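A short write-up of the structure that comes next.
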Amino acid sequence: MTLNSGQVFHWEKVGAGFCGTIGESAVYVEQLGNVLQTKMEGGVVRRRAQHQLFRKAPRPTTGATAGSRELAPPSVARVVARYFALDHPLEEICSSFPRDPIMNAARGFCRGLRIIRQPKWECLATFICSSMKQVTHIRQISRALRQRFGEKKEIGGDEVFSFPSPSRLAQTSENELRKCGLGYRAKNLLETAKVITSGQADLDSWSPLSDRKLRKQLCELPGVGMKVANCVMLFAFERIAAFPIDVWIERVLREKYFVRKRKVTGQMLADFAANYFGAHGGYAQQYLFHHARMTGKRKSQRSHSIDQFH
DNA sequence: CTCCAGGGATGAT
DNA sequence: ATCATCCATGGA
């Protein structure tokens, strides 16, 4: 559910799990009940990410990695556990959501969904490409950028591609980027890649900034407005109060929280969201988004992904 | 075919 | 501050 909730766009369903990349590492992940299994590029099952996906504490599965002699690559399980934010206290977070019918439905529907810790540049670049695009289109763009400009990796017989660095994309041209289906977004992605490459903007150095200052810095990048900035803050800077408002969320807010009210401006929606959904508003927003998208008007559950979650 | 999508930049009220 | 337009692309 997490991988299909519109946070990341490059994971591909393979067998019972997913293939993708975390940074430069090719990874296979597969959820087995309460356990998240991982494989690395060698294709060998190395470890199981220790965690509690759900409330009930699983029996400690000690000795799951019998092959102690084979030196495991630097803690795959930890990389995976961090990426999937298995340390987030889901129980606390969900309890902090407001108790209204809409939020209750979303909370129940999205049980187990987590906000992923994404690499900053990858997240920023992908969401610059996301404007006025459907999730399936964003997946296509991500795939095209990775295949053309990323580095090929292999995992369990499947090939995956890492996301191209800022300097790699800065070396391309607007025309080359347009071939990836970017349209008018190509210029924005190219210009932002150049700004990052030149050192004029340094994403990592922005981590200590306050939410307000970080948002301001992000919005100065070409192709980054309030919505994209909030997505990057939420998905890559661990600012779980950030509340991105896209067309789906705006629809939910207007139809469910501002029923039959006219002259509701975007600023009013943003102010309401910041005050109403609380310190973990970003989590609430993601739950509302995924719930609306999966159960909304658009009949999408027909041929793809019948049910890969219970 | 038409409709619309995890918007942003610009210019006019 | 708020609103109107335009910007490309392709799945549904």
Side-chain angles (χ1 to χ4, degrees), chain A residues 1-11 106 110 113 115-116 118 122-145 148 173-192 195 215-237 239-240 242-254 258 261-271 273 277 281-305:
Chain A
M1 185 181 294
T2 296
L3 291 179
N4 279 322
S5 65
Q7 303 180 55
V8 287
F9 306 90
H10 64 290
W11 292 86
C110 299
L113 175 56
I115 300 292
I116 294 176
Q118 296 186 37
E122 177 178 324
C123 180
L124 170 63
T126 302
F127 276 96
I128 286 177
C129 301
S130 75
S131 81
M132 289 305 325
K133 277 291 187 186
Q134 286 188 152
V135 170
T136 51
H137 299 152
I138 303 170
R139 296 181 66 87
Q140 290 176 4
I141 292 173
S142 172
R143 188 181 306 115
L145 289 173
R148 293 177 69 89
S173 65
E174 181 178 337
N175 220 318
E176 284 297 305
L177 292 179
R178 279 178 180 266
K179 292 177 182 174
C180 298
L182 279 173
Y184 62 87
R185 305 156 193 84
K187 187 185 180 101
N188 290 331
L189 180 60
L190 181 60
E191 291 307 309
T192 293
V195 171
R215 185 178 292 109
K216 186 185 177 200
Q217 290 295 320
L218 287 169
C219 284
E220 288 182 8
L221 298 170
V224 179
M226 278 296 178
K227 192 271 173 183
V228 171
N230 280 321
C231 282
V232 176
M233 290 173 64
L234 176 60
F235 298 139
F237 281 86
R239 308 303 173 100
I240 59 177
F243 197 97
I245 298 180
D246 71 320
V247 291
W248 286 94
I249 290 298
E250 178 164 355
R251 194 177 301 149
V252 169
L253 292 179
R254 289 186 186 279
F258 288 84
K261 287 192 162 78
R262 347 196 225 313
K263 290 304 173 188
V264 179
T265 66
Q267 190 58 50
M268 292 168 65
L269 294 177
D271 291 341
F277 294 101
Y283 250 97
Q285 180 273 160
Q286 188 63 17
Y287 277 44
L288 291 172
F289 172 79
H290 189 243
H291 177 58
R293 234 170 57 81
M294 291 298 110
T295 65
K297 292 299 181 184
R298 300 289 173 264
K299 295 276 294 184
S300 61
Q301 50 235 68
R302 184 50 230 167
S303 60
H304 80 295
S305 69

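Lettering follows sequence order; numbering is per chain, from 1. These numbers come from the heavy atoms of this one structure, side chains and all, not from hydrogens, waters or symmetry mates. What you are looking at is a predicted structure, and each value in this text was computed from that prediction instead of being measured.
Among the protein residues, A/Gly6 comes within range of the nucleic acid bases, having at least one heavy atom under 4.0 Å from a base atom. Using a 4.0 Å heavy-atom criterion, one finds that A/Ser5 contacts the bases of the nucleic acid, with or without backbone contacts as well. Using a 4.0 Å heavy-atom criterion, one finds that A/Arg178 contacts the sugar-phosphate atoms exclusively. Residue A/Glu250 is out of contact with every strand shown, counting any heavy-atom pair closer than 4.0 Å. In this structure, A/Ile141 reaches neither bases nor backbone, as no heavy-atom distance under 4.0 Å exists between it and the strands shown.
When each of A/Gln134 and A/Ser131 is assigned the nucleotide of DNA chain C with its nearest heavy atom, A/Ser131 is the one assigned upstream, toward the 5' end. If A/Ile249 and A/Pro222 are placed on DNA chain B by their nearest nucleotide, the residue sitting closer to the 5' end is A/Ile249. Of the two residues near DNA chain B, A/Val224 and A/Asp246, the one whose nearest nucleotide lies more 5' is A/Asp246.
Two residues are said to be in side-chain contact when any heavy atoms from C-beta on lie closer than 4.5 Å; A/His10 and A/Ile138 fail this criterion. The closest side-chain heavy-atom distance from A/Ile240 to A/Phe235 is not below 4.5 Å. Residues A/Leu288 and A/Cys110 fail the side-chain proximity criterion, which asks for heavy atoms closer than 4.5 Å.
Base pairing analysis places C/dG10 opposite B/dC4; the two distances defining the Watson-Crick or G-U wobble pair are each below 3.5 Å.
The nearest whole Å value for the distance from the CH2 atom in A/Trp248 to the C1' atom in B/dC4 is 10 Å. In this structure, A/Arg139 atom CZ and C/dT9 atom C1' are separated by 18 Å, rounded to whole Å. Atoms OH (A/Tyr184) and P (C/dC7) sit 11 Å apart, rounded to a whole Å. Taking atom CG on A/Leu177 and atom C1' on C/dT9, their separation rounds to 15 Å, with Å as the unit. For A/Leu269 and B/dG7, the CG to C1' distance is 15 Å, given to the nearest whole Å. Atom-to-atom, CZ of A/Arg143 to C1' of C/dG10 comes out at 13 Å; the value is rounded to the nearest Å. Whole-Å rounding puts the A/Phe9 CZ to C/dG10 P distance at 17 Å.
A/Gln140 has a side-chain polar atom (N or O) that falls below the 4.0 Å cut-off from OP1 or OP2 of C/dG11. An OP1 or OP2 oxygen of B/dA5 is reached within less than 4.0 angstrom by a side-chain nitrogen or oxygen of A/Arg251. Between C/dT2 and A/Thr265, a contact under 4.0 Å exists linking OP1 or OP2 to a side-chain N or O.
Between A/Phe243 and A/Phe277, the ring-plane angle classifies as parallel under the 30° and 60° cut-offs.
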Determine, stepwise, if the pair A/Gln7 / A/Thr2 fulfils side chain to side chain donor-acceptor pair (under 3.5 Å).
-> CA-CA 8 Å; A/Gln7 303 180 55; A/Thr2 296; 5.2 Å; no

